[in-house]
Amino acid sequence: RIEQDELRGNIMARSSNTQFALLGMLSFEPQSAYDMKKEMKQSTAFFWSESDGQIYPALHKMLDAGLVQVCDQEGGRDSKIVYEITEAGRQALRDWLEIPPLKKTIRNELLLKIFFGGNTSPDVIARHLSHQSYSFKEELRILDHEILPMIEQFKDSPHYPYWVMTLEHGVDLLKAKIAWAEKAENTLKKIDKD
């Protein structure tokens with residue numbers, strides 16, 4: 001018991017947020033790693049992504065620490081292991097939710113290129129902005145026409161208001177990014193005339 005508590009504490013102290021993303025997904029229902037990846041692509045991937053190289057090792061560590069357990073396993077060629085969150089896992093998730101988020105490190109290649117844009121023609125930066133603006137509009141379309149209707153099916157869920165808040169953040173941020181891109185493109189047009 002002490003060994004397992006020590007292991008759980010060590011994972012909490014030095015882990016990335018991958019395990020908490022997985023614990024959060026498992027807090028909804030038991031799932032296989034494949035099912036979690038699929039669910040994340042339709043939900044958290046808009047603001048938090050995880051790769052296979054992160055998911056499988058994290059699940060194994062969480063299993064060893066007693067944060068998750070195997071609740072179903074199908075053998076055969078396409079074996080499938082279904083995990084469920086344990087009470088210790090729920091407590092770890094609750095503990096993590098209490099901790100204020102760390103300051104996010106920003107790495108935005110578009111902004112880096114714009115910052116150094118004086119070294120190229122305004123047309124080059126305008127092309128980057130146009131491409132990014134299209135991408136923002138496509139993401140906004142997906143949130144409005146695919147993700148929102150999917151969330152609306154779960155109005156009775158205790159998770160619903162939190163999902164809506166997350167979605168609204170994405171929608172508002174994308175609208176602001178689209179407005180910024182249009183304003184930046186107009187500024188580039190003025191530079192090009194000078």
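Side-chain atoms are counted along with the backbone in the values below, which use heavy atoms only and exclude waters and symmetry mates.
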Inter-residue atom distance Q19.CD - L26.CG, 0.5 Å rounding:
11.5 Å

Contact summary for G66 and A88, nearest pair of heavy atoms:
O-CB, 3.7 Å

Pairwise distance CG(N17) to CG(L23) - rounded to 0.5 angstrom:
11.0 Å

Looking only at heavy atoms, which two atoms of P149 and D144 are closest? And how far apart?
CD-O, 3.6 Å

How many angstroms lie between CG in L110 and OG in S133, if you round to the nearest 0.5 Å?
10.5 Å

Taking salt bridge (Lys or Arg N to Asp or Glu O under 4.0 Å) as the definition, give me every residue that meets it alongside E152, ordered by chain and number, with sequence neighbours left out.
K155

Smallest separation among heavy atoms of P158 and P161, with atom names:
O-CD, 3.6 Å

Listing request: all salt bridge (charged side-chain N to carboxylate O under 4.0 Å, His left out) pairs with a residue in residues 81-91, at least two apart in sequence or in separate chains.
E87-R94

Go through the structure and list residues passing side chain to side chain contact (heavy atoms under 4.5 Å, CB included) with V124, not counting sequence neighbours.
T120, S121, R127, H128

Ring-plane angle category for F20 and W96, please: parallel below 30°, perpendicular beyond 60°, tilted otherwise.
parallel

Where at least one partner belongs to residues 135-156, residue pairs that pass ring-ring contact (aromatic ring centres under 6.0 Å, His included), sequence neighbours excluded
F154-W163

Partners of E109 by side-chain hydrogen bond (donor to acceptor under 3.5 Å, both in side chains), sequence neighbours excluded?
K113

What's the separation between atom CD1 in I151 and atom CD in Q42, rounded to the nearest 0.5 Å?
11.0 Å

Does Q69 offer a backbone N or O that forms a donor-acceptor pair with the side chain of T86 under 3.5 Å?
no

Taking atom CG as the centre, does L97 end up with more than 12 heavy-atom neighbours from other residues, nucleotides or ligands that are less than 6.0 angstrom away?
yes

Can you check whether L59 reaches I55 side chain to side chain, under 4.5 Å on heavy atoms?
yes

Holding to side chain to side chain contact (heavy atoms under 4.5 Å, CB included), I want the full list of residues that pass it with F116, two or more places apart in sequence or in another chain.
L112, N119

Rounded to the nearest 0.5 angstrom, the CG-OG distance for L140 and S135 is 11.0 Å

Are I142 and F46 side-chain neighbours, meaning at least one heavy-atom pair lies under 4.5 Å?
yes

The complete set of salt bridge (charged side-chain N to carboxylate O under 4.0 Å, His left out) pairs with one or both residues in residues 17-31, sequence neighbours excluded, reads none

Not counting sequence neighbours, which residues clear side chain to side chain contact (heavy atoms under 4.5 Å, CB included) with A21? List them please.
M40, W48, E50

V70 reachable from F28 in the ILVMFWY side-chain graph, under 4.5 Å edges:
yes

Q54 side chain to S51 main-chain N or O, any donor-acceptor pair under 3.5 Å?
yes

By the rule that ILVMFWY residues connect when side-chain heavy atoms come within less than 4.5 angstrom, directly or transitively, which residues belong alongside M165?
Y162

Compare every heavy atom of Q31 with every heavy atom of M25, then report the nearest pair and how far apart it is.
O-NE2, 2.9 Å

Ignoring hydrogens, what is the shortest heavy-atom contact between I85 and S27? Give both atom names and the distance.
CG2-CA, 4.3 Å

Are L148 and M150 joined in one hydrophobic group, where the rule is that I, L, V, M, F, W and Y side chains link up if heavy atoms are under 4.5 Å apart?
yes

What's the separation between atom CG in L67 and atom CG in L22, rounded to the nearest 0.5 Å?
11.0 Å

So for atom OH, which belongs to Y134, do other residues, nucleotides or ligands contribute more than 12 heavy atoms lying within a distance under 6.0 Å?
no

Please collect all salt bridge (charged side-chain N to carboxylate O under 4.0 Å, His left out) contacts where either partner lies in residues 32-43, sequence neighbours excluded, each pair once.
D35-K80, K37-D52

Scan the side chains in residues 169-186 for donor-acceptor partners under 3.5 Å anywhere in the protein, sequence neighbours excluded, and list what turns up.
from	atom 1	to	atom 2	distance (Å)
N186	ND2	E182	O	3.4

Taking side chain to side chain contact (heavy atoms under 4.5 Å, CB included) as the definition, give me every residue that meets it alongside T166, ordered by chain and number, with sequence neighbours left out.
F47

Return the minimal non-hydrogen interatomic distance between Y56 and A33, and the atom names on each side.
CE2-CB, 3.4 Å

